Amino acid sequence: MNEGRRAVTPAPTGWNTWDVRTHTGMNRLPHGPRVRFGVLGPEGPVLDGFTWRDGLERLGPHTVDGSYAEVTVRAGGHRLRLEFAGGPGDVLDALAESTGAIVLSVEGLDDIEQQTDLAATVGAGGIRWTVVTSTPGRRIEGPATALVLAFDTEADVDLRIAPAASAPRRGAALHRCAAPPRGAASHNGAAAERRHRAARAAERTSLRSSGWLGDAADALTRAVTWNTVYAPDIGRVLTPTSRDFVCAERKGFYGTWALHAWDTFFTGLTASAVDRDYARGIFRQILPYADEAGMIPNRVSDDRGRTGDRSQPPVGALTVYQAYLAGGLSPGTRDTALLDTTFPALLAWHDWWPRARRGPHGLLAWGSDPVAGDPASATLDRARRESGLDDSPMYDEARYDPATRTMDLADVGLNALHIADAEALADIAGLLGERTTADRLHAEAAAAGAAADRLLWDDERGGYRNLTSAGTHDPHVSPTMLYALLGGLPDPDRAATTAADLLRPEVLGGVRPLPSVARDDPGFAATYWRGRIWAPMAYLAVRGLRRYGLTGLCRPVVGDLLRLFLHEWHEHGHVRENYPAVDGENLTSFRKRSDGLMAWGGLLAYLAFGELADARPDGWRFAHPGEPAELCNLPLGEGRLDVRAADRLTVRLEGRVLLDMAPGVVVRGYRRTARCVTGTAEGVGDLLVTPPGGGPPVPVDVGGAPRSFAFGPHGAGDVQEGSGV
């Protein structure tokens, strides 16, 4: 499927919640009015604020295109719940429910023509708009470019804004209709009818989970969709990992938008479980900011520009390739446009690292280049920031070497990530027909892996450690030591021993696993990168465990991380920037430095999804997680995939059963085309495989050694013993 010409999703048109300054309204793009709701407090309207640190209570469902969104806030002692039906087109319908008096502000107007206490006509973006409410409102003082209405009673308010030609007649009220039957919409009740349809449509088509997974899918989705914003200065829709973090008006650190390198790639990966086009658009947001040498910057923002001295961890090819694999059951149905549009920039970035960051012993090290007019460049602090682990104890004793422009410390994490990056890029190059490039990358990965394994292995401690320029191994331990498995450095026996040693409770294990530094490390402080649990670190470490098939170690870690994720979601409605590594710590206050809704926190949910369904280079792995669970509406090129674990595990595509298996069976390497279904089954129990032609399910006897299977469109095929994958 050639999707190279498809437009980036979402496009900056229609109604959506993309004004970075507020969660309590919608604006019509690219030009049009902005709508906000608030409450009437003792000193007047309360329309601003509503951040995680000030009144934002819970963000509800939110579709990618803005056709449905829901939010609840508190202000002036009152609770305000809002529903929006926006999306493509020009009509916005909204509902405001509150325990106090509601305030509506329609902004960005050229002129205002008040008609009645139920309707007004305004001009914005060269269009005449009619604003109609179900409850009488009185105009109160506001900016000259805004229509501000107060509703003195505690009645709910229905709102419709539409171009004058398509809106209800002037003065006609909108009457509420909680769930009207299909076809019953008219001017009276049209707003409620549209919201109802949008809510039901969102429920049917959105990523959904239950059972052991809880509502992790819903949390992951909201953490991406609610963080999408519009940047008017560049005319683009962006998805920073957190809108609170990037907006000064929301007590953030930038003007109105900022993108960070590895944040963007991890956000794109989580978005790939929501919508393939959406994810592709996110992955491509940071790529245009690479410099001529190929370096993708640590950060670019509207008010502070681009970081010309440093990059961030090379996770681009890893995340893009994973999103590609998860986009279909075979290469023919996956998103080739994602690879086509990202590969050149990702390859240039990969090749930049060995040119710019050769450190001790010829290995890679984090660094910072000198930049004229930037006295903080070419310093240890900036090199630490390139690692993404800003205050990690691993770098407390490091020094900056101006000769190499790097730390005097060869880093296990960086070297392993760069090797894994080469492997992913090699596979992508092969898919794109770039055979010479693929061969070059495979050879480089093999050579770099052998050197890193030899130099970074510490015989005395029996594990991988960072290496100083003096040739001694640094004692600090973090989950980056498990990245060695992600890069394929050890043999299987060493990998198993290393992982088991690191995952002891006093090191990186326990019921709150994978803190950002080992618990027995002198630098452990359970703060920020000095001990908190970070989803990006956990994701990369678990990917390493899965590469070696260390299920016995991996599954408990993933389960504990999922419980932590769901606890924060249920308790606070948060998908966190980082998670507490000690019992009883509350991270909701600003000084704790853990943003309340950060897209990359959804990686903990994404890891848990992989226990049921995980796309890998050799094909999909399907397995029962040991507890009842459901994961529905995974977006594939073939349609929506549902995986349900109960007394059996079933895999369905658009409602049709593909696999039906006993809980003790694991299917690996599953691929499905129009002509063939192949895979390998292992474990104990029975397995039914549906051939591609729609014939009756074919039984596969699973027991003892792994059994490979292959079936054609009519079920004809063979089953034979094979090696495990």
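Just so it is clear, the structure is predicted and the values come from calculations on it, not from any experiment. Values reported hereafter were calculated over all heavy atoms of this structure, with side chains retained and with hydrogens, waters and symmetry mates removed.
A salt bridge links Asp583 and Arg512; the closest N-O separation between the charged side-chain nitrogens and carboxylate oxygens is under 4.0 Å. Salt bridge annotation for Arg616-Asp614: present, with a cationic side-chain nitrogen under 4.0 angstrom from a carboxylate oxygen. A salt bridge is defined here as a Lys NZ or Arg NE, NH1 or NH2 lying under 4.0 Å from an Asp or Glu carboxylate O, and Arg546 with Glu611 meets this definition. Ion pairing between a basic and an acidic side chain is recognised when a charged N comes within 4.0 Å of a carboxylate O; Arg532 and Glu585 show such pairing.
Annotation: side chain of Leu604 is not in contact with side chain of Trp569 (no heavy-atom distance under 4.5 Å). A 4.5 Å side-chain heavy-atom check between Tyr579 and His567 finds every atom pair outside the cut-off. Residues Leu597 and Asp244 form no side-chain contact, since every pair of their non-hydrogen atoms from C-beta on lies 4.5 Å or further apart. The side-chain heavy atoms of Leu587 and Pro580, taken from C-beta on, include a pair separated by under 4.5 Å. Taking 4.5 Å as the limit, every side-chain heavy atom of Leu455 sits out of range of all side-chain heavy atoms of Asn415. Leu502 has its side chain within reach of Met481: a pair of non-hydrogen atoms, C-beta onward, lies under 4.5 Å apart. You'll find the side chain of Trp349 reaches within 4.5 Å of the side chain of Ser311, heavy atoms only. When side chains are defined from C-beta on, Met407 counts as touching Leu380, because their heavy atoms get closer than 4.5 Å.
A donor atom on one side chain and an acceptor atom on the other are not found under 3.5 Å apart for Tyr324 and Arg334. Side-chain atoms of Asp595 and Ser242 form a donor-acceptor pair, as typed in the model, at a separation below 3.5 Å. No hydrogens or angles considered: nothing links the side chains of Asp401 and Thr406 as a donor-acceptor pair under 3.5 Å. Under 3.5 Å, the side chains of Trp600 and Thr267 contain no donor-acceptor pair of N or O atoms. For the residue pair Asp459 and Trp457, a side-chain donor N or O sits within less than 3.5 Å of a side-chain acceptor on the partner. For the residue pair Thr379 / Asp381, no side-chain donor-acceptor distance below 3.5 Å is found, with atom types taken as modelled.
Rounding to the nearest 0.5 Å gives a distance of 7.5 Å between OG of Ser368 and CD of Glu386. Rounded to the nearest 0.5 Å, atoms OG1 (Thr241) and CH2 (Trp262) are 11.0 Å apart. In this structure, the separation between CG on Leu364 and CG on Leu417 is 10.5 Å, given to the nearest 0.5 Å. In this structure, Leu441 CG and Glu434 CD are separated by 10.5 Å, a value rounded to the nearest 0.5 Å. The line from CG of Leu562 to CZ of Arg555 is 12.5 Å long, rounded to the nearest 0.5 Å. With rounding to the nearest 0.5 Å, the separation of CG in Asp309 from CZ in Arg405 is 11.0 Å.
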Please report the C-alpha distance between Asp474 and Thr468 in whole Å, then the side-chain angles of each, then the deciding distance to 0.1 Å, and finally whether the side chain to side chain donor-acceptor pair (under 3.5 Å) criterion is met. CA-CA 7 Å; Asp474 187 88; Thr468 70; over 6 Å; no
Could you go step by step and tell me if Arg299 and Gln312 meet the side-chain contact (heavy atoms from CB on, under 4.5 Å) rule? CA-CA 9 Å; Arg299 177 261 300 150; Gln312 267 194 326; over 6 Å; no
Residue pair Arg530, Thr527: steps toward the side-chain contact (heavy atoms from CB on, under 4.5 Å) verdict: CA-CA 5 Å; Arg530 304 187 76 84; Thr527 60; 3.9 Å; yes
Under the salt bridge (Lys or Arg N to Asp or Glu O under 4.0 Å) rule, what do Glu568 and Arg576 come out as? Steps first, then yes or no, please. CA-CA 8 Å; Glu568 290 290 317; Arg576 300 223 66 91; 3.7 Å; yes
When you look at Leu486 and Arg547, which way does the side-chain contact (heavy atoms from CB on, under 4.5 Å) test go after all the steps? CA-CA 7 Å; Leu486 178 63; Arg547 175 170 182 158; 5.7 Å; no
Can you list the steps and then say if Trp529 with Met394 is a side-chain contact (heavy atoms from CB on, under 4.5 Å)? CA-CA 10 Å; Trp529 287 103; Met394 287 192 295; over 6 Å; no
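In summary, of the residues considered (Arg355, Arg310, Arg382, Arg357), a salt bridge (charged side-chain N to carboxylate O under 4.0 Å, His left out) with Asp369 occurs for Arg357 alone.
Shortest non-hydrogen contact noted between Ile419 and Ala452 is CD1-CB, 4.3 Å. Minimum interatomic distance between Leu409 and Pro360 (heavy atoms only, all atoms of both residues): N-CG, 3.6 Å. When all heavy atoms are compared, the tightest approach of Tyr528 to Ser516 is O-OG, 3.6 Å.
Cation-pi contact between Arg384 and Tyr395: absent, since separation from the ring centre below 6.0 Å together with deviation from the ring axis within 45° is not met. Remark: Arg306 fails to qualify as a cation-pi partner of Tyr289 under the 6.0 Å distance and 45° angle criteria applied to the six-membered ring.
With His418 contributing its side chain and Trp353 its backbone, the two residues share no donor-acceptor pair below 3.5 Å. The backbone N or O of Pro513 sits nowhere less than 3.5 Å from a side-chain atom of Asp560 that would complete a donor-acceptor pair.
Contacts classified as side-chain hydrogen bond (donor to acceptor under 3.5 Å, both in side chains) and involving residues 484-495 (residues at least two apart or in different chains) are given here: Asp453-Arg494.
Taking the six-membered ring wherever Trp is involved, the centroid distance between the rings of His260 and Phe266 does not fall below 6.0 Å.
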